[in-house]
Amino acid sequence: QVQLVESGGGLVQAGDSLRLSCAASGRTLSSYAIGWFRRAPGKEREFVATINYRNGRTYYADSVKGRFTISRDGARNTVFLQMNSLKPEDTAVYYCAADSSPPIMGVTTRESEYAYWGQGTQVTVSS
């Protein structure tokens, strides 16, 4: 099975940037979708961003659109989440997850479609 490991979280100030990594092993991601989700204190886990390896399409939650960028490095079997202009409300545990059978044309945004999850990495943004 595919195994995912997030890294890159930490404590930053509002306005700073951070890049998260999601390293996959066990399977190549050429036919997968990788999504980023987050869970803030007292809130439900929510969708952040996704990239569909089958078609290269990306999609973002409105709350992060224009600030976050998802990208991939096929040679490293790794997906990145570049987070710019961070806000205190971005504070959360961030998870990457894998969908082994994404749509050929679109993207996957529902967490129920992602069967494999990383352990999460904490991002804390101070004001």
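The model shown is predicted, which means the values in this text are computed figures rather than measured ones. Along the sequence shown, residues are numbered consecutively beginning with 1.
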**Student:** Using a distance-only test with no angle check, is there a side-chain donor-acceptor pair under 3.5 angstrom linking Q122 and T124?
**Tutor:**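 Distance-only check passes for Q122 and T124.
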**Student:** Is it true that a side-chain atom of R67 and a backbone atom of S85 form a donor plus acceptor pair closer than 3.5 Å?
**Tutor:**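 Indeed, once roles are kept as given, a pair shorter than 3.5 Å links the two residues.
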**Student:** Only pairs at least two apart or in different chains count here, so list each disulfide (SG to SG under 2.5 Å) that has a residue in residues 25-101.
**Tutor:**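 Residue pairs with at least one partner in residues 25-101: C22-C96.
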**Student:** Mind checking side-chain hydrogen bond (donor to acceptor under 3.5 Å, both in side chains) for Y95 and listing every partner two or more places apart, or none if nothing turns up?
**Tutor:**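 Partners of Y95 by the side-chain hydrogen bond (donor to acceptor under 3.5 Å, both in side chains) criterion come out as none, since no residue qualifies.
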**Student:** Suppose we screen for side-chain hydrogen bond (donor to acceptor under 3.5 Å, both in side chains). Which residues come up paired with N84, at least two apart in sequence or across chains?
**Tutor:**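 Residues passing side-chain hydrogen bond (donor to acceptor under 3.5 Å, both in side chains) with N84: S17, Q82.
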**Student:** Less than 3.5 Å apart, any donor N or O on the side chain of T50 or Y114 sitting next to an acceptor on the other?
**Tutor:**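 Yes, because at least one side-chain N or O of T50 sits under 3.5 Å from a partner of the opposite role on Y114.
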**Student:** Kindly check if the number of other-residue, nucleotide or ligand heavy atoms within 6.0 Å of CD (E89) is above 12?
**Tutor:**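 Yes, because the 6.0 Å sphere around CD of E89 holds more than 12 heavy atoms from other groups.
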**Student:** With rounding to the nearest 0.5 Å, note down the distance linking CD1 in I51 to OH in Y59.
**Tutor:**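 It is 15.5 Å, given to the nearest 0.5 Å.
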**Student:** Taking ring-ring contact (aromatic ring centres under 6.0 Å, His included) as the definition, give me every residue that meets it alongside Y32, ordered by chain and number, with sequence neighbours left out.
**Tutor:**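 Listed in chain order: nothing, the list is empty.
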**Student:** Identify, with sequence neighbours excluded, every residue that meets side-chain contact (heavy atoms from CB on, under 4.5 Å) alongside S71.
**Tutor:**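 Here the qualifying residues are F80.
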**Student:** Provide the full list of salt bridge (charged side-chain N to carboxylate O under 4.0 Å, His left out) pairs with a residue in residues 17-42, sequence neighbours left out, each pair given once.
**Tutor:**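 Output for this query lists R38-E46, R38-D90.
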**Student:** Ignoring hydrogens, what is the shortest heavy-atom contact between F47 and Y60? Give both atom names and the distance.
**Tutor:**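 Of all heavy-atom pairs spanning F47 and Y60, the closest is CE2-C, 3.9 Å.
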**Student:** Is the backbone of T78 close enough, under 3.5 Å, to the side chain of D73 for a donor and an acceptor to pair up by distance?
**Tutor:**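 Side chain of D73 to backbone of T78: no pair is present.
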**Student:** Supply the atom-to-atom distance L81 CG to Y94 OH, rounded to the nearest 0.5 angstrom.
**Tutor:**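 So the CG of L81 and the OH of Y94 are separated by 7.5 Å.
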**Student:** Would you say the side-chain atoms of E113 pair up with the backbone N or O of T108, donor to acceptor, closer than 3.5 Å?
**Tutor:**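 Here the side-chain-to-backbone pair does not exist.
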